[in-house]
Amino acid sequence: MSDLFNLTVEEHADYAIIRTEGYVNNLGGERIGEAADQLIEQGVKKLVLNFEKSNVVNSIGISILIEVIEKVVDVDGRICFCFLTKTIEKTFNIMGLTQYAEIYETEADARASLA
Amino acid sequence: MSESHLSEAKRVTRPVVNEVELIIPMLPDMEITATQTACSVAQYMKFDPDRIDEVKMALVEAIINAFEHSKSQDGKVRIKFVIADDSLTVVIQDHGKGFEINSIEKPDITQKLKAEYKRGWGLMLIENLMDTVYIESSEHGTTLVMSKNRV
């Protein structure tokens, strides 16, 4: 499973999109964290995380997402998630992530909110 | 079979319990294997897809807790799916060192954002995703029993 995790990064003028594919566990979370760190170091303050191809997460992976949220909050940035399954969205709500991260149905909606 | 044997057989007949049992080794991502069984059982019971997803997520959390914290000598987690008319009960059992249930603090996102240790969400998620949760833990191991109603 872990070997199947992939992500791609698409950079725009003032935001970036991270599209994930596969199980967001400790390894998947670390991959997202590394990509986000690099973008934030480059000065990117707005991130879109597209989970269209990630329909399984665990709390270890989400804990790493909390680190990413912390770093985005520290630079007064914004982080948007899109294409979450109902259960992942419910999980984010239970954990309170939605106090610090925005959730959109589609990537287009997330991008429009950042425009 | 003689008549006396038949009556003996009748006396020991117990109510049928519909269960599916699974034993998984503590190996990376083996929790996903268990969710596939959970999915099959819940589909058989005609759970709707969203409720199946919630059972799967709770099961992932219960299993990774056992993997990480039990320090089980036998390196295995036993999972039992109990099928009832209106609910699915999942029993997750390890033979590890157990833990003090009252020592678990409820995590808070605002505190976790600034804290070094950002984990500790598993039990809270299980309790919110399932309808009933019961935990028993001792130095001989931990048993978590969680149920989800079909509707």
Side-chain angles (χ1 to χ4, degrees), chain A residues 1-5 21-33 36-37 40 51 54-79 81 83-103, chain B residues 24-36 38-39 42 47-69 92 104-131 133 148:
Chain A
M1 284 291 295
S2 302
D3 295 340
L4 299 178
F5 185 86
E21 183 175 357
Y23 185 19
V24 182
N25 56 3
N26 52 331
L27 299 175
E30 279 167 17
R31 295 275 306 278
I32 295 169
D37 281 353
I40 293 166
F51 273 27
S54 287
N55 51 26
V56 187
V57 302
N58 70 26
S59 61
I60 306 175
I62 302 175
S63 298
I64 299 170
L65 297 179
I66 295 173
E67 285 177 27
V68 174
I69 292 170
E70 181 186 11
K71 288 169 186 168
V72 170
V73 167
D74 283 347
V75 295
D76 289 324
R78 286 172 64 189
I79 183 163
F81 290 89
F83 286 119
L84 299 181
T85 67
K86 277 189 187 173
T87 302
I88 296 176
E89 183 171 344
K90 184 173 179 174
T91 300
F92 282 12
N93 273 309
I94 293 166
M95 295 172 73
L97 266 63
T98 43
Q99 292 174 47
Y100 299 95
E102 301 161 45
I103 294 178
Chain B
I24 58 170
M26 293 183 172
L27 292 175
D29 296 346
M30 197 50 70
E31 66 275 15
I32 298 300
T33 303
T35 65
Q36 288 162 358
C39 187
F47 270 62
D48 76 46
D50 292 336
R51 293 181 82 74
I52 293 174
D53 240 14
E54 290 175 8
V55 172
K56 286 166 64 181
M57 177 87 196
L59 182 57
V60 162
E61 292 303 318
I63 293 172
I64 62 175
N65 269 353
F67 281 7
E68 286 209 317
H69 305 302
I92 300 99
I104 296 176
E105 286 179 18
K106 192 179 172 190
D108 173 82
I109 186 66
T110 305
Q111 288 172 3
K112 287 287 185 190
L113 267 188
K114 292 289 163 202
E116 184 92 2
Y117 183 70
K118 301 202 185 306
R119 297 186 39 198
W121 298 91
L123 193 54
M124 180 196 198
L125 290 177
I126 294 166
E127 286 174 341
N128 278 276
L129 292 168
M130 300 298 282
D131 291 316
V133 179
K148 185 87 168 168

Member of Lys114(B), Lys112(B), Lys118(B) meeting the side-chain hydrogen bond (donor to acceptor under 3.5 Å, both in side chains) criterion with Glu70(A): Lys118(B)
Please find the pair of heavy atoms, one from [X] and one from [Y], that lie closest to each other, and give the distance.
X        : Y         : answer
Ile94(A) : Asn128(B) : CD1-CB, 3.4 Å
Met57(B) : Ile62(A)  : CE-CD1, 4.4 Å
Met95(A) : Leu125(B) : CG-CD2, 3.8 Å

Do Thr110(B) and Tyr100(A) have a side chain donor and acceptor closer than 3.5 Å?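 Yes, a side-chain donor-acceptor pair sits under 3.5 Å.
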Nearest 0.5 Å, please: how far is [atom2] in [Y] from [atom1] in [X]?
X         : Y        : atom1 : atom2 : result
Asp29(B)  : Phe5(A)  : CG    : CZ    : 12.0 Å
Leu59(B)  : Asn58(A) : CG    : CG    : 12.0 Å
Ile126(B) : Ser59(A) : CD1   : OG    : 8.5 Å
Trp121(B) : Leu97(A) : CH2   : CG    : 7.0 Å

Contacting moiety of Glu54(B), where chain A heavy atoms sit under 4.5 Å: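 Both backbone and side chain.
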Residue Ile64(B) versus chain A: region with a heavy atom under 4.5 Å: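 For Ile64(B), the contact with chain A is made by the side chain alone.
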Count the heavy-atom pairs under 4.5 Å between each of Glu68(B), Lys56(B), Arg119(B) and chain A, then report the option with the highest count.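 Winner by heavy-atom pair count: Arg119(B).
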Just do the side-chain contact (heavy atoms from CB on, under 4.5 Å) check on Asp53(B) and Lys86(A) with the steps written out, would you? CA-CA 9 Å; Asp53(B) 240 14; Lys86(A) 277 189 187 173; over 6 Å; no
Which of Val73(A), Ile88(A), Ile64(A), Val57(A) touches chain B most, by non-hydrogen pairs under 4.5 Å: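 The answer is Val57(A).
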